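Below is one structure, written out as structure tokens; the observations come after it.
These numbers come from a predicted model, not from an experiment.
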Amino acid sequence: LLFTLTACGPKQAPPSSSSEPPDTSVLAPVEPDPEPVLPYVNPLTGEGCAQDISQNRPVAIMLNNLKKALPQLGVSQADIIYEALAEGGITRMLGVFQSVEGVGDIGSVRSARDYYVSLALGHDAIFLHAGGSPGAYTAIDNWGVSAFDCVNGPYEGTLFWRDKERRKSMGMEHSVLTSGPTITELMPTYSYRLEHKEGYQYPVSFLAEGEKAQGAPGNRVSVEFSTYKTGVFTYQPETGFYLVEYGAPYLDGNTGEQVAVKNVLVLRTDVSNLQGDDAGRLSVHTTGTGTGQLFCDGTVQDITWSKAKHGAPLTYTDQSGQPLKLGVGPTYVNLVGRSAQVTVS
């Protein structure tokens with residue numbers, strides 16, 4: 001390609017023998033090289049990839065979301081972030097990575113709930129967590145989840161470790177980390193499959209190049225989970241992404257950069273107190289169907305979500321019943337109660 005461009009480029013006059021500097025005002029401008037066309041696609045984001053990673057099982061990691069434990073690490077490189085209530089008004093997050101290549105430290109890693117297990121299983125993902133509720137452990141055992149547990153498993157000191165500085169300043173429960181290089185190195189040594197089960201396909205589709213999402217104006221959305229946590233997403237026209245706020249700019253501690261996503265999904269579902277649970281845990285339905293909204297390209301549109309079973313992925317349709325197209329890039333999914341306050345401006 002370099003030879004071709006050189007050989008076919010505009011001819012230039014030979015250098016002048018005069019002591020006067022040559023007049024460069026008539027030289028043709030140099031055109032930038034075109035962006036390379038990547039042959040493969042990340043199935044979770046629609047972004048181009050140099051390697052085919054579509055059949056790799058993604059990694060889904062439970063993430064702490066207490067203000068005391070911020071900043072989180074690695075969140076800006078997650079392909080999908082799911083957020084839902086845990087108990088006491090706090091939320092937990094599930095970061096899903098189609099590939100952890102190039103991702104540094106990730107965490108802090110926290111305990112699981114059964115509805116996060118359901119979300120991970122819908123991606124046929126490898127699931128990393130540090131402890132869990134009784135319902136989460138029952139789900140892992142009964143649903144056949146490939147799970148790696150820092151608290152009740154043999155993985156502390158190898159796949160997971162406790163960061164000394166976080167342990168000192170934030171406490172033991174907020175100190176568990178893992179990392180992209182560690183996961184990449186150790187996963188092949190465990191007895192779990194690394195490729196998707198036969199027939200699995202993530203069914204979400206994406207807008208074509210140059211195509212924009214359509215809908216009413218939706219430049220800023222505030223999603224109230226509780227009096228403790230409200231997420232705010234503000235559209236940036238110059239980048240086409242929504243910046244994430246959590247009382248303040250939501251930063252990735254690895255880079256110091258504010259987390260930005262292409263799509264913001266708000267999914268309404270049944271959220272209620274878990275009967276017989278003395279810790280105030282919740283029941284959050286992830287299967288069935290419900291309503292929601294998609295924020296993309298500074299617009300908002302009403303949608304419907306569906307999840308046929310715990311082992312099936314979430315799917316989305318627009319108001320006409322056609323498969324919803326997301327923008328190319330990462331997605332932030334907010335699972336809230338049917339009466340949760342969502343403010344659009």
Side-chain angles (χ1 to χ4, degrees), residues 58-70 72 75 78 80-96 106-156 159-160 162 166 170-178 192 225-229 231 267-288 290 307 309-312 314 333-338 340:
V59 178
I61 305 175
M62 285 299 310
L63 297 172
N64 196 352
N65 202 31
L66 282 176
K67 293 176 182 177
K68 180 179 180 180
L70 296 178
Q72 295 169 329
V75 284
I80 302 175
I81 294 175
Y82 294 96
E83 183 173 11
L85 281 167
E87 58 271 336
I90 69 171
T91 63
R92 291 271 164 82
M93 300 167 76
L94 182 73
V96 184
I106 304 171
S108 59
V109 183
R110 282 306 303 267
S111 59
R113 302 291 180 268
D114 59 335
Y115 39 95
Y116 295 109
V117 178
S118 174
L119 294 169
L121 188 63
H123 285 283
D124 189 33
I126 294 167
F127 182 57
L128 275 62
H129 63 110
S133 66
Y137 281 115
T138 299
I140 289 169
D141 291 340
N142 292 346
W143 300 344
V145 179
S146 301
F148 294 82
D149 182 3
C150 176
V151 173
N152 294 307
Y155 306 107
E156 184 170 349
L159 186 60
F160 305 94
R162 294 185 185 270
R166 283 179 170 256
M170 301 177 182
M172 176 78 78
E173 68 273 26
H174 305 308
S175 65
V176 177
L177 301 182
T178 185
Y192 289 91
F225 286 92
S226 66
T227 55
Y228 181 84
K229 170 64 195 286
L267 309 184
R268 295 187 179 275
T269 188
D270 293 323
V271 178
S272 59
N273 292 322
L274 189 62
Q275 291 187 349
D277 186 273
D278 57 4
R281 298 186 185 97
L282 300 174
S283 169
V284 179
H285 283 219
T286 57
T287 58
K307 195 175 191 295
K309 56 183 180 179
H310 292 301
L314 279 161
V333 184
N334 303 269
L335 287 95
V336 299
R338 297 189 186 277

**Message:** Would the distance check show the side chain of Arg166 and the main-chain N or O of Ala69 forming a donor-acceptor pair, the cut-off being under 3.5 Å?
**Reply:** yes
**Fill in**
Shortest non-hydrogen pair, Ile81 vs Ala78, comes out as CG1-CB, 3.9 Å
**Request:** Report yes if the side chains of Arg338 and Asp270 come closer than 4.5 Å at any heavy-atom pair, otherwise no.
**Result:** yes
**Asked** Taking C-beta and beyond as the side chain, do Val333 and Glu83 meet within less than 4.5 Å on heavy atoms?
**Response** no
**Request:** Say whether, by atom type as modelled, one donor and one acceptor occur between the side chain of Tyr115 and the main chain of Leu85 under 3.5 angstrom.
**Result:** yes
**Prompt:** Going by heavy atoms in the side chains, are Val284 and Thr269 under 4.5 Å from each other?
**Reply:** yes
**Message:** Do Tyr228 and Leu66 have side chains that approach each other closer than 4.5 Å (heavy atoms only, starting at C-beta)?
**Reply:** yes
**Asked** Rounded to the nearest 0.5 Å, how far apart are CE of Met62 and CG of Leu119?
**Response** 9.5 Å
**Asked** Do Ile80 and His123 pass the side chain to side chain contact (heavy atoms under 4.5 Å, CB included) test, and can you show the C-alpha distance, the side-chain angles, and the key distance before you say yes or no?
**Response** CA-CA 11 Å; Ile80 302 175; His123 285 283; 3.6 Å; yes
**Request:** Assign the ring pair Trp143 / His310 to parallel, tilted or perpendicular, where the plane angle (0 to 90°) is split at 30° and 60°.
**Result:** parallel
**Asked** Under the salt bridge (Lys or Arg N to Asp or Glu O under 4.0 Å) test, which residues partner Arg92, sequence neighbours left out?
**Response** none
**From Leu94 atom CG to Asn65 atom CG, the distance as rounded to the nearest 0.5 Å** = 12.0 Å
**Complete:** All heavy atoms of Leu177 vs all of Gly107, minimum pair found to be CD2-CA, 3.9 Å
**Request:** Kindly say whether Ala84 contributes a backbone atom to a donor-acceptor pair with the side chain of Tyr116 at under 3.5 angstrom?
**Result:** yes
**Message:** In the structure I gave you, are the side-chain heavy atoms of Ile61 and Val109 within less than 4.5 Å of one another anywhere?
**Reply:** yes
**Message:** Contact between Thr138 and Asp114 at the side-chain level, heavy atoms closer than 4.5 Å - yes or no?
**Reply:** no
**Request:** First locate atom CZ of Phe160, then atom OG of Ser108, and finally report the distance between them rounded to the nearest 0.5 Å.
**Result:** 12.0 Å
**Complete:** Heavy-atom nearest pair, Ser226 first then Gly89, reads OG-O, 2.5 Å
**Prompt:** Can you find a heavy atom in the side chain of Ile106 that is under 4.5 Å from one in the side chain of Leu128?
**Reply:** no
**Asked** Can you tell me if Arg162 uses its side chain to pair, donor with acceptor, with the backbone of Glu156 under 3.5 Å?
**Response** no
**Fill in**
Heavy-atom nearest pair, Ala147 first then Ile140, reads CB-CG2, 3.8 Å
**Fill in**
In short, Pro134 meets Arg281 closest at the heavy-atom pair CD-NH1, 3.8 Å
**Asked** To the nearest 0.5 Å, what is the distance between OG1 (Thr91) and OH (Tyr82)?
**Response** 16.0 Å
**Electrostatic pair Glu173-Arg110, nearest N-O below 4.0 angstrom** = no
**Complete:** The reported gap from CE in Met170 to OG in Ser175 (rounded to nearest 0.5 angstrom) is 9.5 Å
**Request:** Examine distances only and state if a side-chain atom of Thr178 and a backbone atom of Leu159 form a donor-acceptor pair shorter than 3.5 Å.
**Result:** yes
**Message:** Do Leu267 and Leu314 have side chains that approach each other closer than 4.5 Å (heavy atoms only, starting at C-beta)?
**Reply:** yes
**Prompt:** Got more than 12 heavy atoms from elsewhere within 6.0 Å of NZ, Lys67?
**Reply:** yes
**Request:** For the pair Lys307 (side chain) and Ser118 (backbone), establish whether a donor and an acceptor sit closer than 3.5 Å, ignoring hydrogens and angles.
**Result:** yes
**Prompt:** His129 side chain to Gly131 main-chain N or O, any donor-acceptor pair under 3.5 Å?
**Reply:** yes
**Request:** Output the distance between atom CD1 (Ile90) and atom NZ (Lys68), rounded to the nearest 0.5 Å.
**Result:** 12.5 Å
**Backbone N/O of Leu282 and side chain of Asn273: donor-acceptor pair under 3.5 Å** = no
